[in-house]
Amino acid sequence: MASKWSKSLIPTARQVPAEAEVPSHQLMLRAGIIRKLGAGLYDYLPLGLRSLHKAMAIVREEMGKAGAIEVLLPAMVPIELYQKTGRDQAYGDNLFRVKDRHGRENALGPTHEEIITELVGAYVESYKQLPLTLYQIQTKFRDEFRPRFGVLRSREFQMKDAYSFHTAVEGPGGLNEIYDAQYAAYERIFKRCGLPFLTVEAESGPIGGSASHEFMVPSPTGEDTIFESDKGNYAANVEKCETGPRSATLDAPPVGELAKVHTPGCPGIDDVAKFMKTKPKNMLKSLVFEVSQITQEQMGQLRLKASQTGRATSEGFFAEYVIVIVRGDHDVNEGKLNTLIKSKFGNNVSINLAEPNEAKEDGFAIGYVGPQTAISHPGVFVFVDPDAAQGGFWVTGANEPDHHVKYFNWKRDVIDPLGPDASQKVVVVDIRNAVEGDPSPKGDGGLLRPRKGIEIGHVFKLGDKYSKAMGVTVLLPDNSRINPIMGCYGIGINRILAAAIERDSPGMRGHDENGIIWPAAIAPYQVVITTIRHEGTAAETADRLAKELEAGGADVLIDDRDERPGVKFKDADLLGIPVRITIGDKALATGQVEVKARNAPAAAKAELIAIDVAAKTVLEMLKGL
RNA sequence: CGGGGUGUAGCGCAGCUUGGUUAGCGCGCUUGACUGGGGGUCAAGAGGUCGAGAGUUCAAAUCUCUCCACCCCGACCA
């Protein structure tokens with residue numbers, strides 16, 4: 001049955017609620033799709049739920065085609081499961097915790113690797129049962145620092161999360177095969193949802209794992225920064241984005257005498273630059289990181305506190321602190337740093353910005369640290385970005401509070417004093433976030449260009465991180481046991497809706513000055529029938545057309561309200577239903593109705609079509625929307 | 001968590017500086033009339049713990065204190 005507007009709950013608003021900043025948020029509120037209940041908490045009204053369900057249906061179909069099987073796990077899970085993998089710590093305050101009446105602690109799941117692994121551990125005993133891909137569509141909870149942009153970053157949201165289990169990475173049934181199948185399914189899903197998207201290499205973050213890709217809808221309102229090579233053969237999230245070779249020299253001759261400058265109350269780059277009348281790009285920024293070793297059992301909890309500045313461990317030489325030096329106008333990339341640290345010190349270490357007071361006790365003048373620290377702290381490693389490993393007029397910290405130096409020179413002030421240790425202690429390496437114009441890592445002369453994107457999907461190759469931590473094994477043909485290899489694959493369903501409204505690519509605009517322009521596949525209705533006066537023949541014709549359209553598979557909303565035509569037209573545009581059929585006396589007199597696509601230019605006239613063929617014509621039209 | 005800001009009718013806002021009738025305006029809502037192809041006109045209405053609590057005062061939306069919620073920027077993150 002077609003829906004009647006007057007019988008539904010579609011509270012449209014003329015004015016934009018003050019809290020909404022981005023177009024999708026504003027329009028979802030104005031069109032009566034969502035309503036805010038609290039920070040990052042939204043009611044989905046009838047229109048919103050319809051779209052959500054449509055996106056879910058597409059996801060389910062494509063998951064099925066990719067061989068994934070649907071399950072439903074509890075949203076509330078015992079905290080012990082997350083403790084087993086250390087993610088109760090890794091997720092930190094983002095994890096919602098609830099105590100039950102017996103005082104038992106539970107988490108509201110932010111993502112379900114542990115829970116699915118537990119399930120598979122219980123029932124999957126043999127390699128014969130693998131590969132296995134399970135998925136669910138479920139409400140996830142994350143206690144975001146700062147929920148914002150409406151449903152783009154909310155504290156409760158619908159996620160499709162799939163998990164695959166394998167005995168091997170390569171070969172038939174291996175992780176790579178399923179990863180590729182999920183990747184392909186994602187491309188089909190987003191294409192069907194009418195989203196212009198690109199896939200980028202990504203950092204895996206607290207989920208962990210070896211490889212990962214994100215699916216991004218380009219949009220100026222996106223929170224992620226993507227870099228693309230202008231040769232079109234490389235794209236990555238800034239968190240992951242590598243750069244091609246950049247030249248570096250620590251041998252450049254000094255351009256002036258090292259001079260200490262009193263810079264009272266200027267710990268920040270910008271303050272110092274202003275104070276010394278120079279630019280951040282002429283400064284060296286030194287960040288102090290603390291390296292800690294972590295045992296497999298107590299991941300994320302045990303921190304080794306060394307008494308000296310450096311010491312020997314089973315891993316070999318072990319630094320307690322690492323200094324990272326980048327140009328003042330650049331940012332340290334913690335993902336790159338993490339990878340670097342792990343390759344140097346082993347997988348059991350983690351790295352964090354040093355706690356200022358602790359570091360001060362250990363002799364670091366936080367806020368005024370410079371590369372010369374490497375000399376006074378024998379155990380400290382120094383990683384230098386190539387752009388910082390140059391000659392020039394460098395301003396940097398003097399390693400004492402309220403003082404900086406100018407004319408710092410690598411060779412004279414660090415390399416030579418260190419002597420033979422220098423090459424081991426001072427390492428030049430790509431350690432910063434990419435910036436516009438950096439060389440592409442493909443090394444083909446391409447240059448990196450930035451843009452913003454909304455992350456709608458993310459796929460990961462997890463390896464055995466979770467199966468190992470959870471103690472899950474399967475038997476192989478030779479009767480040996482392994483921890484299954486895993487992949488995981490997430491889609492933010494709510495974000496599909498917001499991204500559809502935000503989208504702005506040629507021929508794929510998600511909104512204009514009049515309202516939303518839904519892609520037909522996830523529009524709450526495909527057709528809205530607007531009667532100029534809802535009575536008599538017009539009302540009957542509306543019902544008749546609705547019936548024919550529904551027989552053809554389209555969802556129809558009949559605007560049966562006793563409103564003036566102007567109001568109905570404005571609301572129809574605001575809602576963004578792909579096709580509007582207008583029924584008025586003039587056309588009706590000649591047996592016709594008017595048909596207009598929402599994405600047609602506002603000035604374009606509606607097409608007059610005979611009632612008998614109207615449904616057929618509209619159904620045909622919808623295929624292209 | 002740091003910085004900034006806002007809480008007055010469903011939505012958007014004024015009033016607060018300088019305390020003083022019954023707290024206003026626009027949109028929306030109700031009723032009636034006229035109207036009827038891009039957010040109509042007129043008339044009559046309904047709707048408020050002024051975020052909460054405490055204090056000062058003869059008197060508090062307005063001044064003071066405490067708390068709460070929300071928004072923006074940042075640090076951190078799907």
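The structure presented is a predicted model; accordingly, all values stated were derived computationally and were not measured. Side chains included, hydrogens not; waters and symmetry mates left out as well; all remaining heavy atoms used.
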- Message: If the condition is salt bridge (Lys or Arg N to Asp or Glu O under 4.0 Å), which residues does Lys4(A) pass it with, not counting sequence neighbours?
- Response: Asp543(A)
- Item | Separation of rG38(B) P from Lys605(A) NZ (nearest whole Å) | 11 Å
- Distance, rounded to the nearest Å, where Asp143(A) contributes CG and rC76(B) contributes P: 18 Å
- Query: Is the backbone N or O of Tyr525(A) less than 3.5 Å from a side-chain atom of Trp518(A), with the two atoms forming a donor-acceptor pair by type?
  - Reply: no
- Task: Report the nucleotide, chosen from rG28(B), rC77(B), rG37(B), that has the shortest atom-to-atom distance to any side-chain atom of Pro565(A).
- Result: rG37(B)
- Scan Lys36(A) against the nucleic acid and name what it touches under 4.0 Å (heavy atoms): base, sugar-phosphate only, or nothing. sugar-phosphate
- Message: I'd like the C1' distance from rG7(B) over to rG51(B), given in whole Å.
- Response: 6 Å
- Item | Euclidean distance for P, rG48(B) against rU8(B) (whole angstrom) | 15 Å
- Where RNA chain B forms runs of at least three Watson-Crick or G-U pairs (i with j, i+1 with j-1, under 3.5 Å), the stems are B:1-7 with B:68-74, B:10-13 with B:24-27, B:29-34 with B:40-45, B:51-55 with B:63-67
- Item | Spacing of the C1' atoms in rC76(B) and rA9(B) (rounded, Å) | 39 Å
- Output all residues satisfying salt bridge (Lys or Arg N to Asp or Glu O under 4.0 Å) with Arg155(A), sequence neighbours left out; order by chain, then residue number. Asp143(A)
- Query: Is a side-chain donor-acceptor pair under 3.5 Å present for Ser212(A) with Glu214(A)?
  - Reply: no
- Item | Pairwise P distance, rG53(B) and rA14(B) [rounded to whole Å] | 24 Å
- On RNA chain B, check which nucleotide each of Asp224(A) and Arg30(A) is closest to and give me the residue with the more 5' one. Arg30(A)
- Indicate, yes or no, whether a donor-acceptor pair under 3.5 Å links the base of rG37(B) to the side chain of Asp585(A). no
- Quick one: does Arg153(A) reach the base of rC77(B) with a side-chain donor-acceptor pair under 3.5 Å? yes
- Using the P atom in both, what is the distance from rC29(B) to rU18(B), to the nearest Å? 41 Å
- Message: What's Arg155(A) touching, base or sugar-phosphate or nothing? Going by heavy atoms closer than 4.0 Å.
- Response: nothing
- Among rG37(B), rG38(B), rC71(B), find the nucleotide with the atom closest to the side chain of Arg580(A). rG38(B)
- Query: Does any donor atom in the side chain of Tyr489(A) or Ser164(A) lie under 3.5 Å from an acceptor atom in the other side chain?
  - Reply: yes
- List for me each residue that meets ring pair (Phe, Tyr, Trp, His ring centres under 6.0 Å) alongside Phe364(A), sequence neighbours excluded, and say none if there are none. Tyr321(A), His377(A)
- Task: Mind checking Thr530(A) for me? I need base, sugar-phosphate or nothing, with any heavy atom below 4.0 Å counting as a touch.
- Result: nothing
- Does Lys461(A) make a cation-pi contact with Tyr179(A) (under 6.0 Å, within 45 degrees of the axis)? yes
- Query: Can you name the residues that form a salt bridge (Lys or Arg N to Asp or Glu O under 4.0 Å) with Lys240(A), not counting sequence neighbours?
  - Reply: none
- rC27(B) versus rC42(B) - spacing of their P atoms, nearest Å: 10 Å
- Item | Nearest to side-chain heavy atoms of Glu334(A), which nucleotide of rA78(B), rG38(B), rC76(B) | rC76(B)
- Item | Which residues share a salt bridge (Lys or Arg N to Asp or Glu O under 4.0 Å) with Glu607(A), sequence neighbours left out | none
- Residue pairs fulfilling salt bridge (Lys or Arg N to Asp or Glu O under 4.0 Å) with at least one residue in residues 17-35 of chain A, sequence neighbours excluded: Glu19(A)-Lys36(A)
With 3.5 Å as the limit, what N/O pairs link the protein to nucleotides 41-52 of chain B?
none

- Query: Can you tell me how far C1' of rC27(B) sits from CD of Glu563(A), to the nearest Å?
  - Reply: 13 Å
- Query: Does Arg148(A) make a side-chain N or O approach to OP1 or OP2 of rC71(B) shorter than 4.0 Å?
  - Reply: no
- Mind checking Asp562(A) for me? I need base, sugar-phosphate or nothing, with any heavy atom below 4.0 Å counting as a touch. base
- Counting side-chain heavy atoms from CB outward, which of rC70(B), rG36(B), rA78(B) is closest to Arg564(A)? rG36(B)
- Scan Leu152(A) against the nucleic acid and name what it touches under 4.0 Å (heavy atoms): base, sugar-phosphate only, or nothing. base
- Arg142(A) has an atom CZ; how far is it from atom C1' of rA78(B), in whole Å? 5 Å
- Query: Tell me the salt bridge (Lys or Arg N to Asp or Glu O under 4.0 Å) pairs involving residues 324-338 of chain A, sequence neighbours left out?
  - Reply: Lys285(A)-Asp331(A), Arg327(A)-Asp329(A), Lys336(A)-Asp430(A)
- Assign each of Gly492(A) and Val567(A) the nucleotide of RNA chain B bearing its closest heavy atom; nearer the 5' end lies the nucleotide of Val567(A)
- Task: Summarise protein proximity over nucleotides 7-13 of chain B in one line of letters, 5' to 3': B for base, S for sugar-phosphate only, - for none, counting protein heavy atoms closer than 4.0 Å.
- Result: ----BSS
- Return each pair, listed once, that meets salt bridge (Lys or Arg N to Asp or Glu O under 4.0 Å) where at least one residue sits in residues 583-595 of chain A; pairs must be two or more places apart or across chains. none
- On a whole-Å scale, what distance lies between the C1' atoms belonging to rU6(B) and rC13(B)? 12 Å
- Whole angstrom value for the distance that separates C1' of rC77(B) from CD of Glu223(A): 9 Å
- Between C1' of rG37(B) and CZ of Arg561(A), the distance in whole Å: 15 Å
- Query: In whole angstroms, how far is the C1' atom of rG39(B) from the CZ atom of Phe569(A)?
  - Reply: 12 Å
- Using whole Å, report how far CG of Leu95(A) lies from C1' of rC77(B). 14 Å
- Task: Walk me through it: do Leu195(A) and Ile496(A) pass the test side chain to side chain contact (heavy atoms under 4.5 Å, CB included)?
- Result: CA-CA 8 Å; Leu195(A) 298 176; Ile496(A) 290 180; 4.0 Å; yes
- Message: What contact category does Glu594(A) fall into here, base, sugar-phosphate, or nothing, at under 4.0 angstrom with non-hydrogen atoms?
- Response: base
- Query: Which pairs, with at least one residue in residues 488-504 of chain A and sequence neighbours excluded, count as a salt bridge (Lys or Arg N to Asp or Glu O under 4.0 Å)?
  - Reply: none
- Tell me yes or no: between the side chains of Arg580(A) and Thr582(A), is some donor less than 3.5 Å from an acceptor? yes
- Task: Classify the side chain of Arg495(A) versus the base of rA78(B) as yes if they form a donor-acceptor pair under 3.5 Å and no if they do not.
- Result: yes
- Message: Please classify the nucleic acid contact of Glu21(A) as base, sugar-phosphate, or nothing, using heavy-atom distances under 4.0 Å.
- Response: sugar-phosphate
- Message: Using the C1' atom as the point on both nucleotides, what is the distance between rA60(B) and rG15(B), in whole Å?
- Response: 14 Å
- Check every strand shown and say whether Gly584(A) touches a base, only sugar-phosphate, or nothing at a heavy-atom separation below 4.0 Å. base
